[in-house]
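Basis for what follows: all heavy atoms, side chains included, without hydrogens, waters or symmetry-related copies. Residue numbers count from 1 along this sequence. Keep in mind that what you see is a predicted model, and the values were worked out from it rather than measured.
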Amino acid sequence: MNEKYMENLKKQLLDGEQILWMGKPEKINLVEGPYKSSFIGRIIVCSVIACILPFLYCSSVGEKGSISIPVLIALIIVPLIAIIIPVLEKNKLETKCNCVITNKRAISFCDDPAFSSILKVVDLKNVNSIDVEILSTGKGIIYVGEKETNSKRTRLSAINGIQDKQGLTSGLVFYSINDPYKVCDNFPKNIRRAF
């Protein structure tokens with residue numbers, strides 16, 4: 001963990017709060033579990049769209065007049081961007097996100113100056129349970145508080161946290177964590193283990 005992050009984290013600690021564990025997501029497999037079919041499907045659909053839409057546009061405009069190059073470029077680039085988004089999400093998790101367990105809170109911090117820095121905090125007094133899901137890589141997903149119900153959103157929830165109906169953070173997702181059961185030992189014993 002870099003020094004800048006550690007300094008900022010120490011400034012955020014409450015009186016009497018101590019860091020029990022710090023970590024970050026390990027190498028993430030882009031086509032892991034529920035993401036495999038959606039990522040491959042996204043590549044196929046977006047590639048087809050990137051090929052067909054410009055052809056349809058050119059054939060419909062060809063008879064009427066000139067072709068707009070900016071529109072043609074947009075019809076190719078927009079589907080390709082949809083393919084790149086999961087890669088950017090994976091990169092952000094691996095390089096910019098950190099997870100912390102203290103004696104009072106669970107903290108998720110993603111520092112990405114190119115987009116925005118996201119700090120999500122869950123007070124452990126408000127956490128009823130924690131859960132672990134093991135990935136095919138042997139690493140785990142730790143759900144702190146509310147569990148993400150849509151398995152295809154766990155990576156995004158690892159960045160943004162899980163929101164309740166009022167928009168407040170009701171849970172955190174620590175994604176691709178080594179030895180997740182050992183990490184869970186750092187949570188207070190009164191929090192129910194759902195695994």
Between [X] and [Y], is any pair of side-chain heavy atoms under 4.5 Å apart?
X    : Y    : value
I107 : C99  : no
T169 : V121 : no
K96  : N91  : no
Y143 : I130 : no
L119 : Q12  : yes
L80  : V78  : no
F195 : Y181 : yes

Original post:
Which of these passes side chain to side chain contact (heavy atoms under 4.5 Å, CB included) with I141: V173, D131, I177?
Top reply: V173

With rounding to the nearest 0.5 angstrom, report the [atom1] to [atom2] distance, [X] to [Y].
X    : Y    : atom1 : atom2 : answer
N126 : S170 : CG    : OG    : 10.5 Å
E26  : L93  : CD    : CG    : 12.0 Å
N98  : S108 : CG    : OG    : 8.5 Å
K24  : F174 : NZ    : CZ    : 13.5 Å
E146 : Q163 : CD    : CD    : 9.5 Å
D123 : R105 : CG    : CZ    : 7.5 Å

Single-linkage hydrophobic cluster [X]~[Y], side-chain heavy atoms < 4.5 angstrom:
X    : Y    : value
L172 : V127 : yes
L13  : M22  : yes
F109 : L9   : yes

Might you point out which heavy atoms bring [X] and [Y] nearest each other, and give the distance in Å?
X    : Y    : answer
N103 : Q18  : OD1-N, 2.7 Å
T102 : E17  : OG1-OE2, 2.6 Å
A106 : V144 : CB-CG1, 3.9 Å
P25  : C97  : CD-O, 3.5 Å

**OP:** Let me see the working for F187 and L124 under side chain to side chain contact (heavy atoms under 4.5 Å, CB included), right down to the final yes or no.
**Re:** CA-CA 8 Å; F187 287 103; L124 294 179; 3.9 Å; yes

**OP:** List for me each residue that meets side chain to side chain contact (heavy atoms under 4.5 Å, CB included) alongside T137, sequence neighbours excluded, and say none if there are none.
**Re:** N29, E32, L135, K139

**OP:** Could you walk me through whether K27 and S176 pass side chain to side chain contact (heavy atoms under 4.5 Å, CB included), step by step?
**Re:** CA-CA 7 Å; K27 195 82 173 146; S176 192; over 6 Å; no

Subject >> Polar contact flag, side-chain donor to acceptor under 3.5 angstrom, E148-S157 >> reply: yes

**OP:** Could you please spell out the steps behind the side chain to side chain contact (heavy atoms under 4.5 Å, CB included) verdict for V100 and I19?
**Re:** CA-CA 7 Å; V100 177; I19 297 170; 4.2 Å; yes

Original post:
Does K189 NZ have over 12 foreign heavy atoms under 6.0 Å away?
Top reply: yes

Original post:
How far apart are the C-alpha atoms of V132 and I134, what are their side-chain angles, what is the distance that settles it, and do they pass the side chain to side chain contact (heavy atoms under 4.5 Å, CB included) test?
Top reply: CA-CA 7 Å; V132 172; I134 300 298; 3.8 Å; yes

